[in-house]
Amino acid sequence: MARYELVKRSVALITLTNPPVNALSSAVRHAMAKSMEQALNDPKVTAVVICGENGRFCGGADIREFAGPLRGPPLVPLLDAIEAGEKPVVAAIEGVALGGGFELALVCHYCIAHFKARLGLPEVTLGILPAAGGTQRLPRLIGIPAALELITTGRHISAQEALKLGIVDQVTEQNACEVAVEFALRAVAKPLSSRRVSMLTTPCPPDLDALLEVVTMEVKKKARGVMAPLACIQAVRAAATMPYSKGIKRESELMATLFNSGQARALQYCFFAQRTAGKWTLPSGAQWNNSKPREIRSAAIIGLGTMGRGIVVSLARVGISVIAVESEKKLLETGKQMVIGMLERDAKRRGVSASLNLLKFTLSLQDLKDVDLVIEAVFEDMALKKRVFQELSKVCRPATLLCTNTSGLDVDALAGVTDRPHLVVGMHFFSPAHVMKLLEVVCGPRSSSETIATAMSLGKRMGKVSVAVGNCPGFVGNRMLKPYMDQATFLLEEGATPEQIDKALEDFGFAMGVFRMSDLAGLDVGWRIRKESGLTGPDVDPKNPPRRRHGRRYCPIPDMVCEQGRFGQKTGRGWYMYDKPGGTNAKPDPLIQNLLEMYRSRYAIQPRNISDQEIIERCLFALANEGFRILEDGIAARPEDIDVIYLFGYGFPRHRGGPMFYASMVGLERVLERLEHYHQAHPDVPHLEPSPLLKKLVACGSPSVQTWREHIKTMHSHL
Ligand SMILES: CCCCCCCCCCCCC[C@H](O)CC(=O)SCCNC(=O)CCNC(=O)[C@H](O)C(C)(C)COP(=O)(O)OP(=O)(O)OC[C@H]1O[C@@H](n2cnc3c(N)ncnc32)[C@H](O)[C@@H]1OP(=O)(O)O
């Protein structure tokens with residue numbers, strides 16, 4: 001767990017050996033304590049260098065240990081002893097120094113960083129704070145404003161920025177460990193007192209209170225209801241107002257308020273869920289670590305609408321040649337200008353040159369014959385998509401992968417019209433595709449493991465969080481969205497307003513409530529889908545009661561809003577009103593209030609007061625209930641996959657962990673009881689009927705979310 005060597009006859013080289021990230025597990029802490037003692041007691045040793053195996057200094061505390069009882073030597077006294085030692089200690093930072101790893105570097109008297117190293121205190125993203133002295137030492141070293149920014153955001157910084165801030169003493173392009181050993185030899189006999197960061201006085205700005213107030217406001221706005229950043233601010237305040245000995249106690253008290261909180265558990269669950277989600281499997285036994293992806297050098301995108309443009313940008317900025325196809329000259333020219341503008345702005349922001357030379361724009365599918373992969377992003381119309389896929393089958397070489405960006409249509413039906421169904425897969429991007437991190441990779445029953453591996457790996461290359469899902473209407477994300485949105489509109493019928501529902505959801509932590517989100521996305525999309533599926537429009541039998549479809553409750557209010565030409569932000573009117581078409585400042589609209597009142601009186605609905613609790617329970621338990629059905633159907637392999645989809649694609653608050661984790665935190669028994677209650681009150685809403693899997697899990701004693709997979713026995717697993 002830590003290797004001890006004597007190098008250059010007088011330098012103790014301590015290497016942390018806990019791959020893959022040399023996390024400070026209890027065994028590592030134990031070995032470090034022993035090694036330090038040996039170094040400090042050996043008269044031959046005049047200096048110490050600490051480094052990490054495999055070019056990675058240290059990824060911080062072992063997060064997995066946080067779930068169990070704390071064991072092994074505590075970190076704070078160990079780090080204090082390193083700092084207080086009478087022999088110079090030099091940190092050799094390669095790869096990463098994060099969290100406890102950064103705190104370890106802060107107690108070393110000198111730091112050498114490789115030029116590619118990254119440093120940071122990401123604890124806040126795990127719902128905790130840097131509790132091994134980080135909140136007390138960093139402000140002393142770099143001042144309150146810079147420390148506050150790093151600690152409250154968890155941002156990683158480069159070695160160069162760390163040098164500018166005064167965190168590291170030297171940045172090298174050579175082996176950091178070798179440079180550190182030479183540095184250590186030169187440091188012997190130099191006084192150490194000024195190198196002990198805990199002994200420094202925190203440079204304190206005159207307007208400390210005002211500064212902390214501003215940062216507090218910013219944090220509250222950005223991360224509504226999240227506890228950790230606020231605790232971080234209080235800890236940094238202690239660094240400015242207390243001696244180190246008291247500040248470290250305050251840090252520890254604040255950590256105690258966070259450590260076992262639901263938010264910390266949720267955020268740490270998210271960390272591991274994100275890493276688990278990439279590990280796809282198929283019933284055939286093919287999986288992420290035994291299926292080789294193909295190398296993709298060139299791609300084509302069909303359709304230069306909003307989605308197509310974002311996908312072109314995502315591909316080109318990672319160095320893939322892209323041919324973009326449109327059906328009309330004018331659309332092609334508009335799309336081209338927009339893509340170029342997006343790429344130029346993106347390159348400017350990243351300080352690189354725009355990769356415009358990788359782009360080609362064409363009106364002819366014939367130009368696609370040699371590309372490695374095509375992503376179709378045309379209008380959401382099955383007949384049109386089938387025509388495109390038939391055409392692609394003819395023009396592309398037999399090995400070209402054919403992907404569709406459909407947001408919910410049958411991927412296998414598209415595969416069926418091609419000459420290569422095994423090379424067809426869904427790549428469902430989220431809008432705007434060059435910004436949103438989520439990619440649902442939709443595995444059709446005939447998609448080969450190589451095809452899935454290629455789509456997943458391409459997603460990763462584009463910086464996406466890719467999740468493999470099965471093929472069913474709406475896949476995972478959009479299939480779950482329907483019951484969630486249905487509940488919101490039923491609540492409107494029963495007496496709520498869009499702003500009341502949105503506020504309840506935003507207070508819960510969503511960046512946007514369901515109605516504000518719909519206004520942003522455009523209400524006409526859903527309207528067209530409802531018309532195509534015969535739920536509204538001229539094809540509906542007039543004898544059908546307006547509030548029932550296929551024997552179930554139906555809310556026609558969204559159709560009525562669209563009939564008035566209110567399509568959301570783009571038309572300046574939707575569930576809210578905006579200053580102008582394209583405006584973003586949503587204001588409640590009295591016309592919507594009138595519409596709701598008239599609607600209720602037409603159908604003799606007595607409006608009632610609806611509590612925020614009912615809004616949250618009906619929307620979110622219906623959402624999770626559909627998630628349980630998705631697990632039963634084998635459309636998602638594990639609850640983590642569903643949660644990752646909702647975190648990265650639908651703005652589910654990370655500190656709640658995702659819909660499935662949230663259900664487990666509320667308690668499955670309680671979720672079941674509330675769903676039974678609401679289903680009894682609304683028997684014509686099948687989405688409120690508790691799913692068999694939920695009932696089964698409750699009957700099994702509500703096991704932890706990480707073990708649900710063992711309880712999902714499906715005959716029809718797609719994954
Ligand atoms: C009332 C009670 C009071 C109790 C008080 C208790 C006080 C306790 C005292 C605590 C002292 C605090 C110490 C410190 O301040 C706290 C911390 O350090 S928290 C940890 C901070 N570090 C991080 O957040 C870094 C997390 N890791 C990453 O960001 C990335 O992994 C990486 C290091 C940048 C590497 O990225 P990649 O190369 O892409 O690799 P992966 O991300 O895929 O990771 C590979 C593999 O490693 C696992 N892993 C990574 N980091 C950790 C970790 N810190 N602990 C455990 N495991 C880690 C990751 O899950 C992957 O595993 P796999 O999926 O392959 O199984």
Side-chain angles (χ1 to χ4, degrees), residues 21 23-24 58-67 75-76 96-106 118-139 141-157 161-162 165 167 211-240 247-248 250-275 437 509 511 647-648 652-658 661:
V21 302
L24 298 166
C58 175
D62 185 337
I63 307 164
R64 287 191 199 274
E65 286 188 354
F66 291 170
L75 197 52
V76 170
V96 287
L98 297 174
F102 188 5
E103 290 170 301
L104 169 61
L106 285 172
R118 287 183 297 136
L119 297 87
L121 292 172
E123 284 86 342
V124 71
T125 65
L126 299 168
I128 55 172
L129 52 73
T135 68
Q136 301 307 299
R137 286 196 176 87
L138 193 61
L141 188 62
I142 65 172
I144 299 279
L148 262 181
E149 195 265 327
L150 291 186
I151 294 172
T152 58
T153 62
R155 182 169 73 86
H156 295 187
I157 56 172
E161 187 174 351
L165 285 169
I167 296 169
L211 171 71
L212 294 178
E213 185 59 31
V214 170
V215 178
T216 303
M217 299 301 283
E218 278 171 11
V219 157
K220 283 188 174 166
K221 199 168 151 202
K222 247 197 272 166
R224 192 164 0 181
V226 187
M227 293 159 21
L230 298 175
C232 287
I233 296 172
Q234 291 185 50
V236 172
R237 169 190 276 277
I248 195 87
R250 182 77 185 118
E251 179 187 90
S252 160
E253 285 162 13
L254 288 161
M255 176 68 151
T257 66
L258 301 173
F259 194 68
N260 289 321
S261 67
Q263 293 195 2
R265 282 166 63 191
L267 287 160
Q268 287 159 30
Y269 164 83
C270 293
F271 175 84
F272 290 114
Q274 191 175 333
R275 281 151 183 86
K437 296 272 283 180
L647 294 171
F648 287 96
F652 200 96
R654 205 171 161 90
H655 65 283
R656 305 279 192 177
F661 184 83

Nearest heavy-atom neighbours spanning R118 and L98
O-CD2, 4.4 Å
Any side-chain heavy atom of M255 sitting closer than 4.5 Å to one from E123?
no
Is any side-chain heavy atom of Q263 less than 4.5 Å from a side-chain heavy atom of L258?
no
With rounding to the nearest 0.5 angstrom, report the CZ to CG distance, R265 to L126.
15.0 Å
Should E149 and R155 be marked as a salt bridge (Lys or Arg N to Asp or Glu O under 4.0 Å) after you check the CA-CA gap, both sets of side-chain angles, and the distance that decides it?
CA-CA 8 Å; E149 195 265 327; R155 182 169 73 86; 3.0 Å; yes
Run the numbers on V124 and T153 for side-chain contact (heavy atoms from CB on, under 4.5 Å), then give the verdict.
CA-CA 7 Å; V124 71; T153 62; 5.8 Å; no
Is there side-chain contact between V76 and S252, with heavy atoms separated by less than 4.5 Å?
no
Scanning both residues in full, the closest heavy-atom pair of L165 with I142 reads O-CG2, 3.2 Å
Do I233 and L148 have side chains that get closer than 4.5 Å, going by heavy atoms?
yes
Quick check: closest heavy atoms across I128 and Q268, and the distance to 0.1 Å?
CG2-NE2, 3.9 Å
Is it the case that atom CZ in R654 sees more than 12 heavy atoms from other parts of the structure closer than 6.0 Å?
yes
To the nearest 0.5 Å, how far apart are CG in L150 and CD in E161?
7.0 Å
Students often mix this up, so state it plainly: with edges at 30° and 60°, are the rings of F661 and Y269 parallel, tilted or perpendicular?
parallel
Determine whether a donor-acceptor pair (N or O, by modelled atom type, separation under 3.5 Å) exists between the side chain of E103 and the backbone of T135.
no
Closest non-hydrogen contact found for A238 with G247 is CB-CA, 4.3 Å
Is there side-chain contact between I151 and L121, with at least one heavy-atom pair below 4.5 Å?
yes
If we ignore angles and hydrogens, is there a donor and acceptor under 3.5 Å between the side chains of Q234 and R250?
yes
Separation between CD1 (I144) and CG (L212), nearest 0.5 Å, reads 7.0 Å
What is the minimum heavy-atom distance between T152 and C232, and which atoms define it?
CG2-CB, 4.1 Å
Separation of L647 CG from Q274 CD (nearest 0.5 Å)
8.5 Å
Can you tell if the side chain of L254 reaches within under 4.5 Å of the side chain of E251, non-hydrogen atoms only?
no
Please assess V236 against L138 for the test side-chain contact (heavy atoms from CB on, under 4.5 Å), listing each intermediate value before the final yes or no.
CA-CA 9 Å; V236 172; L138 193 61; over 6 Å; no
Student check: side-chain heavy atoms of F272 and I63 closer than 4.5 Å:
yes
Taking atom CZ of R656 and atom CG of L267, what is their separation to the nearest 0.5 Å?
11.0 Å
Working to the nearest 0.5 Å, report the span between CZ of F102 and CZ of R137.
12.0 Å
What pair of heavy atoms forms the shortest contact from G99 to P122, and how long is it?
N-CD, 3.4 Å
